[in-house]
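Input: a single structure, listed below in structure tokens.
No experiment lies behind these values; they were computed from the predicted model shown. Each ligand, and each atom within it, is numbered from 1 in the order the structure gives.
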Amino acid sequence: MTLVWTKTYVTLVYSRPTMKVWIIFLLCLAGQAFAASVTGEEPIADELVVEEEELNLEDALEEIVPEGGNPVQVETGEFDDVIEIVEEDVNAENPCLNHHCKKGKVCEVDEENIPMCVCQDPTSCPESVGEYENVCATDNTTYDSSCHFFAHKCSLEGTKKGHKLHLDYIGPCKFIEPCLDAELTEFPLRMRDWLKNVLVTLYERDEENNLLTEKQKLRVKKIYENEKRLQAGDHSLDLLAHDFEKNYNMYIFPVHWQFGQLDQHPSDRFLSHTELSPLRAPLIPMEHCTTRFFEQCDSDNDKYIALEEWAKCFGIKDQDVDQDLVI
Ligand SMILES: *[C@@H]1O[C@H](CO)[C@@H](O)[C@H](O)[C@H]1NC(C)=O
Ligand SMILES: [Ca+2]
Ligand SMILES: [Ca+2]
């Protein structure tokens with residue numbers, strides 16, 4: 001199952017400028033390592049290269065990482081409610097040329113040649129060529145592609161059903177084992193370790209100073225240079241738990257950092273379902289505790305994960321939650 005994660009990021013590699021490639025590649029490896037510790041599979045780096053040609057996850061990914069988005073600073077976009085951007089271009093003969101519509105809609109002109117966004121006919125979506133293009137929605141229905149999903153969601157616009165319908169995860173709907181209490185406690189252990197390793201790896205590869213900001217680098221430097229740091233590897237849960245206790249301080253920043261990467265639409269210290277998706281959607285098929293973990297993170301049940309809630313579910317103490325670390 002680690003492949004899903006791999007594919008997701010490999011596609012990104014080929015649709016972004018080269019500097020971004022590294023980030024994705026690294027995330028990819030890290031993601032594999034994270035997922036592999038559940039499945040018992042060894043991370044296989046070769047897959048990264050092999051899979052590239054078969055992939056056409058663009059649509060699905062657009063909502064995970066929109067165009068030009070730094071996959072680490074994942075820009076989630078309101079993929080259910082993207083603001084329609086209308087650019088005037090006097091030279092354009094086709095009024096639809098620069099008229100952007102949100103996902104699920106396409107531009108058409110009315111009798112007066114005024115462009116407008118209308119729901120896309122699902123049959124006009126490119127035919128999906130493989131299961132990896134499928135997406136599973138929150139109603140446990142598989143859609144051929146995210147295009148098909150958003151076209152359908154558009155047709156429900158204004159209804160309660162439509163409002164509640166979201167893209168849940170990448171891939172066809174499948175039976176996802178219930179997450180047991182004991183397994184749920186493992187999730188943050190591995191996730192924290194993974195976040196820390198992603199950051200350290202970004203730091204190591206940051207030759208051109210593009211992967212992390214100066215402020216972020218200062219924070220990661222301390223972790224990187226700490227001799228007591230637990231090196232990346234396939235560690236037992238006992239060791240991870242022990243390390244979290246012993247080297248607790250090293251985990252504070254990575255947890256804040258990930259929150260900041262997701263909290264961009266808007267950056268209000270709350271994560272919406274949409275903002276969380278770039279992390280959730282590729283993870284769910286591999287990590288059966290993902291949904292339950294993030295559900296229980298929202299301890300006040302308001303459908304948003306506040307910074308305090310986020311930090312708490314990763315085991316960060318109240319007194320260590322710091323807005324200024326979300327950089
Ligand atoms: C969702 O659909 C899959 C495949 O059709 C099925 O195996 C699974 O049990 C369903 N899950 C739920 C929660 O209904
Ligand atoms: Ca937000
Ligand atoms: Ca909440």
Side-chain angles (χ1 to χ4, degrees), residues 1 4 60 63-66 69-83 102 128 130-146 148-149 152-153 161 163-180 183-184 187-188 191 195 255-316 318 321-327:
M1 281 323 294
V4 180
E63 78 168 22
I64 294 179
V65 183
N70 178 331
V72 176
Q73 294 172 334
V74 215
E75 189 200 342
T76 60
E78 276 289 287
F79 53 73
D80 290 330
D81 303 290
V82 175
I83 303 152
K102 69 174 182 177
S128 65
E131 272 200 348
Y132 57 84
E133 281 192 279
N134 294 172
V135 296
C136 182
T138 45
D139 58 355
N140 202 34
T141 305
T142 303
Y143 294 83
D144 285 355
S145 68
S146 65
H148 291 84
F149 168 76
H152 176 70
K153 187 176 156 79
K161 197 177 161 200
H163 186 68
K164 277 166 56 185
L165 189 65
H166 297 283
L167 197 156
D168 199 15
Y169 53 90
I170 309 287
C173 297
K174 59 177 198 172
F175 173 70
I176 293 183
E177 278 175 71
C179 169
L180 306 175
E183 295 170 323
L184 190 62
F187 190 93
M191 182 100 188
L195 288 175
V255 168
H256 284 78
W257 171 77
Q258 178 65 82
F259 186 90
Q261 301 308 301
L262 299 169
D263 180 29
Q264 312 241 338
H265 288 274
S267 303
D268 56 0
R269 302 294 179 261
F270 289 94
L271 297 182
S272 63
H273 181 96
T274 304
E275 287 177 309
L276 194 56
S277 271
L279 189 63
R280 253 182 112 251
L283 213 50
I284 292 175
M286 302 183 286
E287 292 265 350
H288 67 288
C289 283
T290 308
T291 301
R292 200 177 149 196
F293 178 76
F294 289 119
E295 265 169 17
Q296 53 103 48
C297 259
D298 176 22
S299 47
D300 67 0
N301 253 314
D302 68 348
K303 305 279 180 227
Y304 290 89
I305 301 180
L307 175 61
E308 294 73 21
E309 290 174 324
W310 174 269
K312 199 183 180 77
C313 66
F314 282 105
I316 304 301
D318 287 349
V321 181
D322 184 356
Q323 305 241 353
D324 295 338
L325 286 179
V326 183
I327 45 175

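Only one option out of F259, F294, F187, F293 pairs with F314 in a ring-ring contact (aromatic ring centres under 6.0 Å, His included); it is F293.
The closest donor-acceptor contact from the side chain of S272 to the backbone of E275 lies under 3.5 Å.
Nearest N/O/S atom of D268 relative to the Ca ion (ligand 2): this is OD1. Within D300, the N/O/S atom positioned nearest the Ca ion (ligand 3) carries the name OD1. No other N/O/S atom of D263 lies as close to the Ca ion (ligand 2) as OD1 does. Distances from the Ca ion (ligand 3) to the N/O/S atoms of D302 are shortest for OD1.
Side-chain contact check for H152 versus T141: every heavy-atom pair is 4.5 Å or farther apart. For the pair Q323/E308, a side-chain contact is recorded, criterion being any heavy-atom separation below 4.5 Å from C-beta on.
Minimum interatomic distance between D300 and D302 (heavy atoms only, all atoms of both residues): OD1-OD1, 3.0 Å. Of all heavy-atom pairs between S146 and L167, the closest is CB-CD1, 4.1 Å.
Residue S299 does not count as close to the Ca ion (ligand 3), with no N, O or S atom under 3.0 Å. Counting backbone and side-chain atoms alike, L262 contributes no N/O/S atom closer than 3.0 Å to the Ca ion (ligand 2).
For ligand 1, the atoms closer than 4.0 angstrom to any heavy atom of C173 are 4 (C).
The Ca ion (ligand 2) lies at the vertex of an angle of 120° between the O atom of F270 and the OE2 atom of E275 (rounded to 10°). With the Ca ion (ligand 3) as vertex, D298 OD1 and E309 OE1 subtend 110°, rounded to 10°.
There is no protein heavy atom closer than 4.0 angstrom to atom 5 (O) of ligand 1.
Electrostatic pairing of D263 and R269 counts as a salt bridge here, judged by a charged N lying under 4.0 Å from a carboxylate O.
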Please evaluate residues L279 and M191 with respect to the criterion side-chain contact (heavy atoms from CB on, under 4.5 Å), reporting the C-alpha separation (whole Å), side-chain torsions for both, the decisive distance (0.1 Å), and the verdict.
CA-CA 11 Å; L279 189 63; M191 182 100 188; 3.5 Å; yes
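Taking distance alone, with nitrogen or oxygen atoms compared against 3.5 Å, K174 stays at or beyond that limit from ligand 1.
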